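Here the structure comes first, spelled out in structure tokens, and everything after it is commentary.
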Amino acid sequence: MATVSMTVNGQAVSGEVEGRTLLVQFLRENLNLTGTHVGCDTSQCGACVVHVNGDSMKSCTMLALQADGAEVTTIEGLAQGGEMHPMQQAFQDNHGLQCGFCTPGMVMSAIDLVAKNPNPDEATIREQLEGNICRCTGYHNIVKAVQQAAKATGG
Amino acid sequence: MYDFKFHSAFSVDDAAAKLAAAEDGTVMAGGQTLIPVLKQRLANPSDVVDLSGAGLSGITNNGDSVTIGAMTTHAEVAGSSDVSAALRSVAEGIGDAQVRNRGTLGGSVANNDPAADYPAALLGLGATITTNQRDIAADDFFTGLFETALNDGEIIKSVTFPNATKAAYAKFPNPASRYAMVGVFAAQAADGVRVAVTGATDCAHRGPKLEAALSANWSPDALDGVTIPADHINGDIHGSPEYRAHLVVVMAKRAVAAAG
Ligand SMILES: Cc1cc2nc3c(=O)[nH]c(=O)nc-3n(C[C@H](O)[C@H](O)[C@H](O)COP(=O)(O)OP(=O)(O)OC[C@H]3O[C@@H](n4cnc5c(N)ncnc54)[C@H](O)[C@@H]3O)c2cc1C
Ligand code: FES
Ligand code: FES
């Protein structure tokens, strides 16, 4: 076992992990932050996407020890003072989710995409969300949600 | 995944020392291939040495060539103004945004997946791979299915890509994985026309027939009569050998058209 320390949603945390412990396991099992989902566990679906030092990454394809010293943000870290993040609000407003399983990863990827492309067109949104699979919505309302959030956050 | 001892390396020498001290160690770059491999228990290393703190990332352009550190991510290459448009487009087309945020040039080159994109770019530009032991020409590096010229414990430090007069990469991505069904990198490189093909066989390789036709006439039409026999071409549920052989010429034409 080794000790890992990182900042998660603004809080300093640490824990004992094995070499093979995945970041997503550390978040869900050590920290009880179960908003980050595991869909495929094979790096395909994006349900596990979190931000590590500001970039979106698949937390099922990263070791907890690789995040030692990093700033991690999960879906639980987005709402501020009881107000949803504009991207979360946009998903609700546009019916961008049905079962909600893909939604945490989808929202985390979408926030990164708008941060890097403040005024994304539809093709850019679809391309940049290639790593996130949704079995319910057919993606149209997700694209609309991202467009609304991009406008709301000054794109 | 079997358990292993995790180490962070603070330099290439430190990584080499930690590997040498391990019973059966391996380096880890972005982990976008190695972690899935470990999960499937296809590998069982005693020790994993993480290179992210080893000072191997960064891009320098000296006017004649661009040198990219092994730990530079696909996203960093795709977003760099020091890198040619052709090379940026290779990096931009890899996997998805999250894979590009972690996957690295060195990991992709060392892994030598038969459908990986970077090997075609290295061959197409006549790049040089610099390791902690020596320099290796791309032409001598990719030796077979997931096989390279790297010795056990040898670590890639950087790759140097000479400038080309014209160059472009055309890829037909597998719609599910985004890996290349077939990808062709075509260039008017420092030492003449180079055409490299990935996705079609067990490992990226140069296309002598395509190079001969394009050396005589740099235009998509020059490839009209060229056919690639399907003998050694990959076939799977995504495409037959004949289909991929046909794609090689189509992608080569698109690459030349895009290069201008
Ligand atoms: C969903 C998904 C889609 C993908 N799509 C594509 C695609 O379209 N095209 C494509 O080309 N690739 C694709 N990839 C692979 C991706 O490019 C990986 O990043 C790459 O193959 C490996 O790089 P890495 O940095 O993650 O290396 P790792 O997984 O960390 O390492 C891979 C191998 O290389 C060795 N290694 C790593 N760095 C070094 C070094 N500096 N010196 C010596 N050995 C080293 C490791 O020991 C290991 O054996 C995809 C991956 C995923 C998960
Ligand atoms: S659970 Fe990580 S990509 Fe599917
Ligand atoms: S809302 Fe059900 S998977 Fe996306």
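Here the structure is a predicted model, which is why all the values come from computation and not from measurement. Naming convention: chains lettered A, B, ... in sequence-line order (proteins, then strands); numbering from 1 in each chain.
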Original post:
Under a 4.5 Å heavy-atom cut-off, does chain A meet the side chain of B:D3, its backbone, both or neither?
Top reply: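 Both parts, backbone and side chain.
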Subject >> Max heavy-atom pair count under 4.5 Å with chain A, selected residue of B:M28, B:H7, B:K5 >> reply: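 So the answer, after comparing B:M28, B:H7, B:K5, is B:M28.
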Original post:
So which of B:K39, B:Q40, B:R100 has the biggest tally of heavy-atom pairs under 4.5 Å with chain A?
Top reply: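 When all of B:K39, B:Q40, B:R100 are compared, B:K39 has the most.
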By a 4.5 Å heavy-atom criterion (distance strictly below it), what part of [X] contacts chain B: side chain, backbone, both, or neither?
X      : answer
A:T21  : neither
A:D112 : side chain
A:L63  : both

Subject >> Test applied, side chain to side chain contact (heavy atoms under 4.5 Å, CB included); reference residue, B:R244; option that passes from B:T201, B:I233, B:V197 >> reply: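 Passing option: B:I233.
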**OP:** Applying side chain to side chain contact (heavy atoms under 4.5 Å, CB included) between B:I68 and each of B:L56, B:T60, B:L87, report the one that passes.
**Re:**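 When B:L56, B:T60, B:L87 are each tested with B:I68, the side chain to side chain contact (heavy atoms under 4.5 Å, CB included) holds only for B:L87.
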Original post:
If you measure only the distance, is there a donor-acceptor pair under 3.5 Å linking the side chains of B:D13 and B:S11?
Top reply: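 Note: B:D13 and B:S11 side chains miss the donor-acceptor criterion.
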**OP:** Using only heavy-atom distances, determine whether the side chains of A:S109 and A:N132 contain a donor-acceptor pair under 3.5 Å.
**Re:**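 A donor-acceptor contact under 3.5 Å links the two side chains.
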Subject >> 4.5 Å side-chain heavy-atom contact, A:N9 and A:T73 >> reply: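 A:N9 reaches A:T73 side chain to side chain.
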**OP:** Check the angle between the aromatic planes of B:H74 and B:Y118 and answer parallel, tilted or perpendicular using the 30° and 60° thresholds.
**Re:**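 Geometry flag for B:Y118 against B:H74: tilted rings.
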Original post:
Of all of A:M62, A:K116, A:E127, which one pairs up most often with chain B through heavy atoms under 4.5 Å apart?
Top reply: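 Heavy-atom pair counts peak at A:M62.
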Original post:
Taking A:G46, A:S56, A:G131, A:C60 one by one, which has the highest count of heavy-atom pairs under 4.5 Å against chain B?
Top reply: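 It is A:S56.
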